[in-house]
Amino acid sequence: MAQDPVAQDPLGTHPRLLAVLGYPIAHSLSPAMHQPALAAAGLNVRYVALAVAPDQVGAAVAGLRALGFLGANVTIPHKEAVLAYLDEVTEDARLIGAVNTIAVRDGRLCGSNTDGPGFLAHLQAEGVDPAGRPAAILGAGGAARAVAVALARAGASRLRVLNRTPARAEEVAAVARAAGCPDALAAPLAAEALAGAALVVNCTPVGMHPHLDATPVPAEWLPAGAAVYDTVYRPAETRLLREAAARGLRAIGGLGMLVYQGALAWEAWFGRRGPVEQMFAAAARALA
Ligand code: NAP
């Protein structure tokens with residue numbers, strides 16, 4: 001029979017540990033999002049934010065095993081660097097080239113990436129299904145790679161990747177083709193590249209606090225009938241989303257991507273999804 005961890009440790013002085021590793025880390029919403037959910041689930045687990053300097057990534061990841069951590073999340077700027085220090089990495093995390101979740105299983109450090117699945121789960125929860133539909137991605141960094149793989153896996157019929165540095169867009173398109181979308185191409189940063197897209201996803205930081213007046217593409221470029229998703233979540237409503245909504249388009253902000261990537265990380269640590277609604281409320285409170 002499963003033993004109650006709280007009853008075993010009534011003072012809570014011997015919790016299991018989770019962390020988010022980043023640098024800097026002070027602004028991470030993850031502890032505020034996870035900790036109340038862990039407590040409400042009756043799990044005697046502490047989730048802490050750890051600032052890890054770039055030259056300490058290997059030591060920090062080895063430390064997760066040495067200190068008996070259940071696992072960790074990984075955030076900017078370490079998502080790529082941690083791969084070198086893990087025992088196992090999922091196929092999609094390897095394709096994306098980035099890990100945001102580590103689980104320590106039987107002493108083995110297992111890496112995965114829940115950013116893409118988190119984006120997709122939120123998108124679908126909002127009633128938008130990319131299967132069989134054309135999509136466009138703005139940007140070609142880590143978020144774009146995760147989103148591209150998620151859209152390819154979900155069966156998007158066509159993907160266009162627009163980026164100010166075209167060579168990087170081509171790399172993301174190649175990743176999407178490898179993930180199962182044959183019609184994935186880099187496209188010029190122009191209105192024609194968005195024409196016909198049923199979904200436009202901003203994966204650049206353009207529009208993020210404090211640059212509230214910035215937007216990644218002119219509103220006139222947004223195709224009629226498209227859903228517009230902004231992975232930026234500070235502020236909750238970016239200029240891109242405001243302008244999309246003003247044109248009668250579906251406009252969805254990226255806080256849900258953060259929440260779902262966190263809820264899906266629970267699957268790696270506990271074998272079940274975290275409580276999405278509770279985590280959403282906690283993240284929104286922390287953001288406010
Ligand atoms: P990244 O690896 O640094 O990539 C940023 C991309 O945006 C690059 O392609 C870059 O173009 C482009 N870019 C940056 N500044 C630009 C500008 N002023 N004008 C035009 N393009 C610009 O960053 P990332 O990790 O992919 O993250 C990007 C954003 O995604 C973050 O800022 C965050 O808001 C969001 N994000 C959200 C979540 C979530 O859970 N909601 C998760 C991850 C990321 P070049 O290639 O030309 O440099």
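Remember, it's 1-based here, ligands and their atoms both numbered in the order they're listed.
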Visitor: Taking atom CZ as the centre, does R158 end up with more than 12 heavy-atom neighbours from other residues, nucleotides or ligands that are less than 6.0 angstrom away?
Guide: yes

Visitor: Taking ring pair (Phe, Tyr, Trp, His ring centres under 6.0 Å) as the cut-off, I'd like each qualifying pair that reaches into residues 198-245, sequence neighbours left out, listed once.
Guide: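 Passing the test, one end in residues 198-245: F119-Y229, H122-Y229.
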
Visitor: Check side chain to side chain donor-acceptor pair (under 3.5 Å) between R164 and all other residues, then give those that pass, not counting sequence neighbours.
Guide: none

Visitor: State plainly whether the residues E91 and R153 are in salt-bridge range, i.e. N to O under 4.0 Å.
Guide: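 A salt bridge links E91 with R153.
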
Visitor: Can you tell if the side chain of D92 reaches within under 4.5 Å of the side chain of N113, non-hydrogen atoms only?
Guide: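 No. Closest side-chain heavy atoms not under 4.5 Å.
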
Visitor: If the criterion is any heavy atom closer than 4.0 Å to an atom of ligand 1, which residues make the list?
Guide: G139, A140, G141, G142, A143, N163, R164, T165, R168, C203, T204, P205, V206, M208, T231, V232, Y233, G254, M257, L258

Visitor: With sequence neighbours excluded, what pairs up with R105 under the side chain to side chain donor-acceptor pair (under 3.5 Å) test?
Guide: none

